[in-house]
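Positions are given from 1 along the sequence.
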Amino acid sequence: MIGALYPVRVEATLDPRVSRFLWLVKWLLVVPHYIVLFFLWAAFAVLSVVAFFAILVTGRYPPGLFAFNVGVLRWTWRVVYYSYGALATDRYPPFTLAEVPDYPAHLEVAYPEHLSRGLVLVKWWLLAIPHYLVVGIFAGGGTWIAWEADRNASSLGSGGLIGLLVLVAAVVLAITGRYPQQIFDLVLGLNRWVLRVAAYATLMTDAYPPFRLDMGGHEGTVGLGGPGPGSGGSGSATAVGGAPWPAPGD
């Protein structure tokens, strides 16, 4: 499926004028979001268990549960993007699970019409292990990744390579008043990798995440990087709202 869109789409736009020093207090400003996300991730964990059994029995992820869990990932990504996972916008994240078209950070996951009953037993703990090792380097143990959400939902700050790069960007921003474009592109690529793995590990897709760093704020035609372990059971997919995914170039 080279040339097809990967089912998890992560995009963002760098604000042209990010404040030099607002990042020093964003840890405080996002506390209300941390509180809400703690409960949302608790619900996410419970609903993911329900979805596990539903997929095992029916081969389908219940659409209502899917929409809610995608919304939690989307909300988390906006908070991470505003705070210490990117620091690339000063626009305060909205309190909503829904997509906000004019917010600079976006996440969509294509709804799978069918999921493999067999893969659901192994992909989240066995097949994803290579990605867990990589993501651990990127995110410092993956403190806001889905498989730790039930224990760490209140700790959404990124560490690891992402945290280091964002710190460098913050220092440069404070000195020059500009966010380095090269760092932004790399940070977005790393976060995109993390979110793809999160969606795969939480059973939202059978398409194995590619071992490829797709940098930059906007995705083009993203190949699947080969079929990956057991990815043949993913079937067709539609966007979360039920509309088909756009064809490349649309």
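- The side chain to side chain contact (heavy atoms under 4.5 Å, CB included) test applied to Leu165 returns Leu161, Ile183, Leu186, Val187, Leu190, not counting sequence neighbours.
- Hydrophobic clustering (side-chain heavy atoms under 4.5 Å, transitive across Ile, Leu, Val, Met, Phe, Trp, Tyr) groups Phe44 together with Trp125.
- Under the 4.5 Å side-chain criterion, counting only non-hydrogen atoms from C-beta, Ile137 is not in contact with Val135.
- Applying the side chain to side chain donor-acceptor pair (under 3.5 Å) definition to pairs two or more places apart or across chains, none involves residues 164-179.
- The ring of His131 has its center no closer than 6.0 angstrom to the ring center of Tyr200.
- For the pair Asp206 and Lys123, the minimum side-chain heavy-atom distance is below 4.5 Å.
- Here the CG-CZ distance, from Leu133 to Phe138, works out to 11.5 Å after rounding to the nearest 0.5 Å.
- One distance of note links CG of Leu65 with OG of Ser48; it measures 8.5 Å at 0.5 Å rounding.
- Of all heavy-atom pairs between His218 and Arg192, the closest is N-NH2, 4.0 Å.
- In plain terms, the two heavy atoms of Leu87 and Val18 that are nearest each other are O-CG1, 3.7 Å.
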**Message:** Please evaluate residues Tyr81 and Trp77 with respect to the criterion side chain to side chain contact (heavy atoms under 4.5 Å, CB included), reporting the C-alpha separation (whole Å), side-chain torsions for both, the decisive distance (0.1 Å), and the verdict.
**Reply:** CA-CA 6 Å; Tyr81 186 72; Trp77 167 229; 3.8 Å; yes
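- With sequence neighbours left out, the ring pair (Phe, Tyr, Trp, His ring centres under 6.0 Å) criterion links Tyr92 to His33, Tyr82.
- No donor-acceptor pair closer than 3.5 Å links the side chain of Trp193 to the backbone N or O of Gly189.
- Of all the heavy atoms in Thr13 and Phe184, the pair that sits closest is C-CZ, 4.1 Å.
- Under the salt bridge (Lys or Arg N to Asp or Glu O under 4.0 Å) criterion, Arg78 pairs with no residue, sequence neighbours left out.
- Taking both residues in full, the closest heavy atoms of Ala139 and Val194 are given as CB-CG2, 4.5 Å, listed atom of the first, atom of the second, then distance.
- Hydrophobic clustering of Ile, Leu, Val, Met, Phe, Trp and Tyr side chains at less than 4.5 Å, counting indirect connections, keeps Val25 apart from Leu167.
- Under the 6.0 Å cut-off for aromatic ring centres, Trp27 and Tyr84 do not qualify, their centroids lying 6.0 Å or more apart.
- In terms of hydrophobic clustering, with Ile, Leu, Val, Met, Phe, Trp and Tyr side chains grouped at heavy-atom distances under 4.5 Å, Met215 and Val172 are assigned to a common cluster.
- Here the straight-line distance linking atom CG of Leu22 with atom CG of Leu173 works out to 10.0 Å at 0.5 Å rounding.
- A donor-acceptor contact under 3.5 angstrom links the side chains of Thr89 and Asp15, judged on distance only.
- Phe39 and Val46 fall into different hydrophobic clusters, where Ile, Leu, Val, Met, Phe, Trp and Tyr side chains are chained together by heavy-atom contacts under 4.5 Å.
- Annotation: salt bridge (Lys or Arg N to Asp or Glu O under 4.0 Å) contacts of Asp185 (sequence neighbours excluded): none.
- Evaluation of the salt bridge (charged side-chain N to carboxylate O under 4.0 Å, His left out) test over residues 16-45, restricted to residues two or more places apart or in two chains, returns Lys26-Asp90.
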**Request:** Show the numbers, then the answer: is there a side chain to side chain contact (heavy atoms under 4.5 Å, CB included) between Val36 and Trp75?
**Result:** CA-CA 10 Å; Val36 175; Trp75 190 323; 3.7 Å; yes
Scan the side chains in residues 54-61 for donor-acceptor partners under 3.5 Å anywhere in the protein, sequence neighbours excluded, and list what turns up.
| residue | atom | partner | partner atom | Å |
| --- | --- | --- | --- | --- |
| Thr58 | OG1 | Ala54 | O | 2.6 |
| Thr58 | OG1 | Arg60 | N | 3.2 |
| Thr58 | OG1 | Arg60 | O | 3.4 |
| Arg60 | NH1 | Glu113 | O | 3.0 |
| Arg60 | NH2 | Tyr111 | OH | 3.3 |
| Tyr61 | OH | Asn69 | ND2 | 2.8 |

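- In terms of the side chain to side chain contact (heavy atoms under 4.5 Å, CB included) criterion, residue partners of Leu126 (sequence neighbours excluded) are, by chain and number, Val122, Ile129.
- Remark: side-chain polar atoms of Glu11 are paired, donor with acceptor, to backbone N or O of Glu219 under 3.5 angstrom.
- Judged purely by distance below 3.5 Å, without hydrogens or angles, the side chains of Ser83 and Trp23 never pair a donor atom with an acceptor atom.
- Tracing side-chain contacts under 4.5 Å through hydrophobic residues (I, L, V, M, F, W, Y), one never reaches Val168 starting from Ile175; they form parts of separate clusters.
- In this structure, the separation between CG on Leu121 and CZ on Phe52 is 5.0 Å, given to the nearest 0.5 Å.
- Heavy atoms only, all atoms of each residue included: Thr205 and Pro7 are closest at OG1-CG, 3.6 Å.
- Interatomic distance, Asn191 CG to Ile162 CD1, rounded to the nearest 0.5 Å: 4.0 Å.
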**Request:** Run the numbers on Leu188 and Leu14 for side chain to side chain contact (heavy atoms under 4.5 Å, CB included), then give the verdict.
**Result:** CA-CA 10 Å; Leu188 258 292; Leu14 175 62; over 6 Å; no
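- In this structure, Leu127 CG and Tyr132 OH are separated by 9.5 Å, a value rounded to the nearest 0.5 Å.
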Side-chain donor-acceptor pairs under 3.5 Å in residues 93-102, sequence neighbours left out?
| residue | atom | partner | partner atom | Å |
| --- | --- | --- | --- | --- |
| Thr96 | OG1 | Ala98 | N | 3.0 |
| Glu99 | OE1 | Arg74 | NE | 3.4 |
| Glu99 | OE2 | His106 | ND1 | 2.3 |
| Asp102 | OD1 | Arg91 | NH2 | 3.3 |
| Asp102 | OD2 | Arg91 | NH2 | 3.4 |

**Request:** Verify side chain to side chain contact (heavy atoms under 4.5 Å, CB included) between Leu115 and Leu203, making sure each step is shown before the conclusion.
**Result:** CA-CA 8 Å; Leu115 290 168; Leu203 313 179; 5.5 Å; no
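- Listed by first and then second residue, the salt bridge (charged side-chain N to carboxylate O under 4.0 Å, His left out) pairs that reach into residues 31-45 come to none, sequence neighbours excluded.
- Minimum heavy-atom separation, Trp41 to Thr76: NE1-OG1, 2.9 Å.
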